[in-house]
Amino acid sequence: MAEMRLENMPLTAENLQMLISHFYTESNNPSEQMRAHSLLSQAQSSPAAWSFVWDLLFLNKPQEVQFFAASTLHLKLVKFWPELPAEQRPALREKLMSTIMTFSSGPKIVLSRLCIVMATMALQMLPEDWPNAVEEIVEHLTSSRQTQIHSDRALWILLETLTVLAEETQSSTFQQQHRESVRAKLDQSAPGVFKLLEKTIPDGVPDSSGTNVDNICQAIRCSSAWLQLHLPLSLCSTLSTKLINVVKMCSQGHDTSNAGMADLAVDALTNLLCRPNSHKFPATVMQIMEEYVSLLDIVQTQLNSPEPDEGLVCAVFTLMVSVAENHSHLLLDSLLLPEGATARNTAMRLIQGILQCSNMPGQYPLDENCSQMAFGFWYMLQDDVIGSDPTPYHQLVQLLAPVYATLAEILLHKSMLPERNDLESNWNSEDKESFRCYRQDVADTLLYCYSILHESLLQLYWNKLDAALQSLQTNPASWRHLETILHGFVSVAEVVPMEEERFLPNLLAGLKALPLNHLDVRVAGTVLETVGAYAEWINHHPLALRDVMPLLLMGLDCAEVAASATMALKDLTRDCQPSISPFCTPILLAAKQALAAGHLRAAESIRMMHIVGRVLSICPLQDILSYLDEVLLPRVTELQELAHHVPNAHVKANILLRLRMVSTLFSTLDTRLPTEEESGETGSVPPRTGSGEGDTPEVQPVQVILRWLLPVLKTVIDHWASDEHIMTAVSSALKYASGTLLDDCKPLLPDIVSLLTAAFCLHPQPSLLDTAKQLLIMFVTDTDHAELMRGMLADCTEVFLRVCRSAPSLSPQSDLIQAFYNMHLKLMKKDVHSVTQAVGNNLTEIFKCGMVSLSLPECGASKASAAYLSFFVLGSREVPHMNQIVKEFGHDLTSRILRCIGGETPRQCMDPLIDVLLALNKKYCEDLARWLPNILSQENFPTPRPTMTEKEQFVQAVLREKANKRKLQEKVRAFSLLCRGLVNEYGEQQNPFF
């Protein structure tokens, strides 16, 4: 086998059979199997395949040989049809039909493939070469029922062929004109096909013989395929009635052999009313829909039976939801008809049926899986209602309000949490995740209910909440009802108006009375989540803080609900900062105790520092510093000690936690009063109880913390500079600190720059460049610190270039390259002269490294370097040094871009290159007009596939586009496809410049 070559091996049936056998017997030897596969693929592509396939299609051949031959014939028809002379096509058609008769008794896999081949051939020959293809296939196989083969087998072959014929019409890659002409011929043939299908699908219970059931199922599949064609709905009404009868027949449970028939029929019925052009026949749609809703009687019967067929029920609900989603506008138009109109009754019955789907009995997902499928419909329906004109809007809201009110009650019940014992014994992790997603979908749908019901929904919630609170007092085990109602309140929090004063004050006052420590942790968590959800409302009604603050502070003491408590407090301190002054002391004390107790997880501790920062921001400076001495300074000391420990996973986790806590504090602790514009409204700035030093303290607390922290960070860097996660945390701390301090960080700027530069020299990390970028943007044009900033930029650039020079491959450094060129791009946009002055002669090497980075497969790095080079080229005419670089290396840059377009980079990384090409064409048009032809005149450049004529056309197309990026993008993409060999036989449609 190792010595076999197709070029010296005759394509005989024996040789091919041996290759096929070798392919299947060498399954444990991948290299030999791949070799056999390659040889067989070459054989399939050869013109001789039109002949040798018939030598393999004999009944005495192995099944895999027969299947290979049938697959080869299909491949030839699809990809190599022009090879076959027109005069040989009728003979091939007759030969194929005869072969299908030969294989009528199987193997089924081969027969199915041959039916696909026949359908493909018909599609290729329609409409000119074989105008009556469908009729002739039907005639040939129906007459064969009396002669050559058994009638049931002939019918199955006919139905299989017709099915593939319709399916391939939808999915084939024919040219648009040919596809339209084929569809027109199929439309003409459709009445005859539908008559055959109507005759095959029975009105009553089918014969229980397997053959008969197989043919009925195949007829339904065929119906499903043909109903997707753009045929008039009136032509399909009889067939749809037949399919509905099939579903009803299957619901009677006569025979287990009918089990899959209902699903097939439902799929066909779905295709009928969900195809793209069905909206053109609204009257017919409503007539057919009237028959569809009669299937809801089946659902009711099944649900009332001791052993319901859930599969059948779900199939019917799937049909109803799909049809309703596709015709939601039509349903609303029908609802506006006079009372008693048939279409109005049909629409309302369909909506009620979907409501029944949402109310499917049982616990999702253990007992049922149907209720979730209706969520999309309820969104679409309310969205269409909201988009209506004012007059129909009010009519529709009046009609649908009871429906959405019922839906809200159903969803509250369906989303109720299971009992803990049930959860632990019967639910696996997948079930729990499904139910979590289900509750999120319920929350979204309740939001849609509010769009229709508005205050009525809050009234419904309050009535249920009042009853649940009373029930909880007498029966603590009824907490599940309270939890699901609170979940409903949380769902609509973002749309409740700030002016609402009827229900929310009562809600929050009712929560205040709850014994949080004695509640199930799940309902306690939801109580705290409810408070956080209404933080923005509480900001407009600050008196409510007296009701909710004790709950939140109590939650901090409980490990099980600390996550919910910290999230709610974070929301409150963010949205209600102007109003929390009276509660600063208890919040800070509770935070201090919770941090000291040690029961908070890492995320909760970090969130706690966010809360502390927000609260301290409105405290007097002396109180801030005193609190930081007690709470933060010990953690800075711990960080110093941890930095000297032997590196391991535990030490790393503790260092990361403390660094992230400090970073979060830096991002939120800002004692400068916001302006009225920053605060959002006049009068919302909180009064600060001063320390005698004026409204704004002279010293920012973050500056004090940073002075403590800088020596510790230096120790951390000395021991952990090579750890990416640690350095990212260090960089974030410095970034947040400088972002908060702004000009107030100037006294510490030399130390920060020294720290960043030292860390980058030890081990270059992208996060360090991100922090350096922020500092450079802030201070590179500052007179007092410009020299310091340029020195940092020069040092970082030198280290970066040294890394690139020594790296055998740039791909491992792609993140660093991306950060570096993003930094330089931002700085050049701010002050190009400062950058060129700082990097000096390294500017040329930066440009050359950017060129090389264009070829990287990592899109982030190639995109960043392309953006830099594009800006560099566009601005180079005003800077002599930059102009000289482009003139000197523009030819190399153009060559690199063309290599990338030709296939050196993945296609998804190609678009940023177009910006560079466009910049060159704008600023260096004459040079580009020399560079492009000179480079593309090389033989086999960028690949051997494009001809010299195609290259010349590409050059002309590129040079024409100096401003229109979209058009240049089309030309470049088309040329790239050509260079990569991805243009198929219809590729001229994808190549606009050819």
A.B. asks: Please walk me through it: do Ile538 and Leu508 pass side-chain contact (heavy atoms from CB on, under 4.5 Å)?
C.D. replies: CA-CA 10 Å; Ile538 293 172; Leu508 298 178; 4.0 Å; yes
A.B. asks: Testing the basics here: between Trp537 and Pro497, what is the closest heavy-atom pair and its distance to 0.1 Å?
C.D. replies: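 Of all heavy-atom pairs spanning Trp537 and Pro497, the closest is CD1-O, 3.7 Å.
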A.B. asks: Should we say atom CD of Glu536 is surrounded by more than 12 heavy atoms from elsewhere, each under 6.0 Å from it?
C.D. replies: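 Incorrect, the count does not exceed 12.
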A.B. asks: Begin from the C-alpha positions of Val561 and Val527 and carry the test side-chain contact (heavy atoms from CB on, under 4.5 Å) through to its verdict.
C.D. replies: CA-CA 10 Å; Val561 297; Val527 168; over 6 Å; no
A.B. asks: Determine, using ring centers only, whether Phe375 and Tyr438 are less than 6.0 Å apart.
C.D. replies: yes
A.B. asks: Check the side chains of Asn539 and Gln577 for a donor-acceptor pair under 3.5 angstrom, ignoring hydrogens and angles.
C.D. replies: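 The answer is no; no qualifying pair exists.
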A.B. asks: Using the side-chain contact (heavy atoms from CB on, under 4.5 Å) rule, take Cys357 and Phe377 through it: C-alpha gap first, then chi angles, then the decisive distance, then the call.
C.D. replies: CA-CA 11 Å; Cys357 173; Phe377 166 74; over 6 Å; no
A.B. asks: Could you tell me whether the side chain of Thr728 and the main chain of Ser767 form a donor-acceptor pair under 3.5 Å?
C.D. replies: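 Between the backbone of Ser767 and the side chain of Thr728 there is no qualifying donor-acceptor contact (under 3.5 Å).
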A.B. asks: Are side-chain N/O atoms of Asp770 and Gln774 paired as donor and acceptor at under 3.5 Å?
C.D. replies: no
A.B. asks: Which value, rounded to the nearest 0.5 Å, describes the distance between Leu447 atom CG and Ser491 atom OG?
C.D. replies: 7.5 Å
A.B. asks: Please determine whether salt bridge (charged side-chain N to carboxylate O under 4.0 Å, His left out) holds for the pair Arg607 and Glu604, giving the CA-CA distance in whole Å, both sets of side-chain angles, and the decisive distance to 0.1 Å.
C.D. replies: CA-CA 5 Å; Arg607 205 177 296 126; Glu604 294 154 11; 5.3 Å; no
A.B. asks: Counting neighbours of NE2 on His454 that are heavy atoms of other residues, nucleotides or ligands and sit closer than 6.0 Å, is the number greater than 12?
C.D. replies: yes
A.B. asks: Apply side chain to side chain contact (heavy atoms under 4.5 Å, CB included) to Glu641 and list each qualifying residue two or more places apart in sequence or on a separate chain.
C.D. replies: Thr637
A.B. asks: Looking at side-chain heavy atoms only, is the closest gap between Cys619 and Leu588 below 4.5 Å?
C.D. replies: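 A side-chain contact under 4.5 Å exists here.
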A.B. asks: State, to 0.1 Å, how close Val496 and Tyr450 come at their nearest heavy-atom pair, and which atoms those are.
C.D. replies: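 Closest heavy-atom pair between Val496 and Tyr450: CA-OH, 3.9 Å.
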A.B. asks: Do Leu458 and Val492 have side chains that approach each other closer than 4.5 Å (heavy atoms only, starting at C-beta)?
C.D. replies: yes
A.B. asks: Side-chain donor-acceptor pair under 3.5 Å between Ser663 and Ser732, yes or no?
C.D. replies: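 Not at all, the side chains of Ser663 and Ser732 share no donor-acceptor pair under 3.5 Å.
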A.B. asks: Quick one: does Val612's side chain get under 4.5 Å of Leu632's, heavy atoms only?
C.D. replies: no
A.B. asks: Which is it for Cys370 and Cys314 under the disulfide bond (SG atoms under 2.5 Å apart) test, yes or no, and what are the steps along the way?
C.D. replies: CA-CA 6 Å; Cys370 293; Cys314 283; 1.8 Å; yes
A.B. asks: Check Glu483 with Arg480, please: is the shortest side-chain N to carboxylate O separation under 4.0 Å?
C.D. replies: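 A salt bridge is absent here (no side-chain N lies under 4.0 Å from a carboxylate O).
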A.B. asks: Between Arg502 and Glu455, does at least one N-O distance fall below 4.0 Å, as a salt bridge requires?
C.D. replies: yes
A.B. asks: Ignoring hydrogens, what is the shortest heavy-atom contact between Arg601 and Ala563? Give both atom names and the distance.
C.D. replies: NH2-CB, 4.1 Å
A.B. asks: Would you please say whether a donor-acceptor pair under 3.5 Å links the side chains of Thr573 and Arg614?
C.D. replies: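 No, Arg614 and Thr573 have no side-chain donor paired with an acceptor closer than 3.5 Å.
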A.B. asks: Once rounded to the nearest 0.5 Å, what's the spacing between atom OG of Ser471 and atom CG of Leu482?
C.D. replies: 9.5 Å
A.B. asks: Got a donor-acceptor contact below 3.5 angstrom from the Glu419 side chain to the Asn421 backbone?
C.D. replies: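 Such a contact is absent between Glu419 side chain and Asn421 backbone.
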A.B. asks: Nearest 0.5 Å, please: how far is CG in Asp571 from OG1 in Thr566?
C.D. replies: 9.5 Å
A.B. asks: So does Tyr736 have more than 12 non-hydrogen atoms from other groups sitting under 6.0 Å from OH?
C.D. replies: no
A.B. asks: Just wondering, are more than 12 heavy atoms of other shown residues or ligands nearer than 6.0 Å to NE2 in His645?
C.D. replies: yes
A.B. asks: Are side-chain heavy atoms of Thr530 and Leu507 found at a separation under 4.5 Å?
C.D. replies: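 Side chain of Thr530 against side chain of Leu507, heavy atoms only: contact under 4.5 Å found.
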A.B. asks: Say you draw a straight line from OG of Ser731 to CG of Leu713; how long is it, rounded to the nearest 0.5 Å?
C.D. replies: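 Answer rounded to 0.5 Å: 10.0 Å.
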A.B. asks: Answer whether the closest heavy-atom distance between the side chains of Lys414 and Thr484 falls below 4.5 Å.
C.D. replies: no
A.B. asks: Does Ser626 use its side chain to pair, donor to acceptor, with the backbone of Gln622 at less than 3.5 Å?
C.D. replies: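 Here the side-chain-to-backbone pair does not exist.
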A.B. asks: Using the rule given for side-chain hydrogen bond (donor to acceptor under 3.5 Å, both in side chains), can you reason through Gln440 versus Asp444, listing the C-alpha separation, both sets of side-chain angles and the distance that settles it, and then say yes or no?
C.D. replies: CA-CA 6 Å; Gln440 183 57 55; Asp444 294 339; 3.2 Å; yes
A.B. asks: Starting at CG of Leu553, measure out to CG of Leu516 and round the result to the nearest 0.5 Å.
C.D. replies: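 Separation between the atoms: 11.0 Å.
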A.B. asks: Can you find a pair of side-chain heavy atoms, one from Asn359 and one from Ser371, that are under 4.5 Å apart?
C.D. replies: no
A.B. asks: Closest approach of Gln382 and Tyr404, non-hydrogen atoms and distance?
C.D. replies: N-OH, 3.2 Å
A.B. asks: For Trp427, enumerate each residue passing the ring-ring contact (aromatic ring centres under 6.0 Å, His included) test, keeping only those at least two apart in sequence or located in another chain.
C.D. replies: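 With neighbours one apart ignored, the set is Phe435.
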A.B. asks: Please find the pair of heavy atoms, one from Gln703 and one from Leu741, that lie closest to each other, and give the distance.
C.D. replies: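 Shortest heavy-atom contact: N-CD2, 3.6 Å.
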A.B. asks: Is the shortest side-chain heavy-atom distance between Val651 and Trp720 below 4.5 Å?
C.D. replies: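 Touching, per the 4.5 Å side-chain cut-off.
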A.B. asks: Please find the pair of heavy atoms, one from Gly613 and one from Thr668, that lie closest to each other, and give the distance.
C.D. replies: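 Taking every non-hydrogen atom into account, CA-OG1, 3.3 Å.
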A.B. asks: Check whether any side-chain heavy atom of Val397 sits under 4.5 Å from a side-chain heavy atom of Val385, and report yes or no.
C.D. replies: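 In short, these two side chains touch, coming nearer than 4.5 Å.
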A.B. asks: Output the distance between atom NE2 (His610) and atom NZ (Lys570), rounded to the nearest 0.5 Å.
C.D. replies: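 Between His610 NE2 and Lys570 NZ, I get 5.0 Å after rounding to 0.5 Å.
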A.B. asks: Can you establish whether the number of heavy atoms outside Phe503 located under 6.0 Å from its atom CZ is more than 12?
C.D. replies: yes
A.B. asks: Check for a donor-acceptor pair, side chain of His541 on one end and backbone N or O of Glu499 on the other, with a separation under 3.5 Å.
C.D. replies: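 Not at all, since once roles are kept as given, no pair shorter than 3.5 Å links the two residues.
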A.B. asks: For Gln640, is there any backbone N or O sitting under 3.5 Å from a side-chain donor or acceptor partner on His644?
C.D. replies: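 A pair under 3.5 Å: yes.
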A.B. asks: Let me see the working for Val523 and Leu514 under side-chain contact (heavy atoms from CB on, under 4.5 Å), right down to the final yes or no.
C.D. replies: CA-CA 11 Å; Val523 70; Leu514 289 174; over 6 Å; no
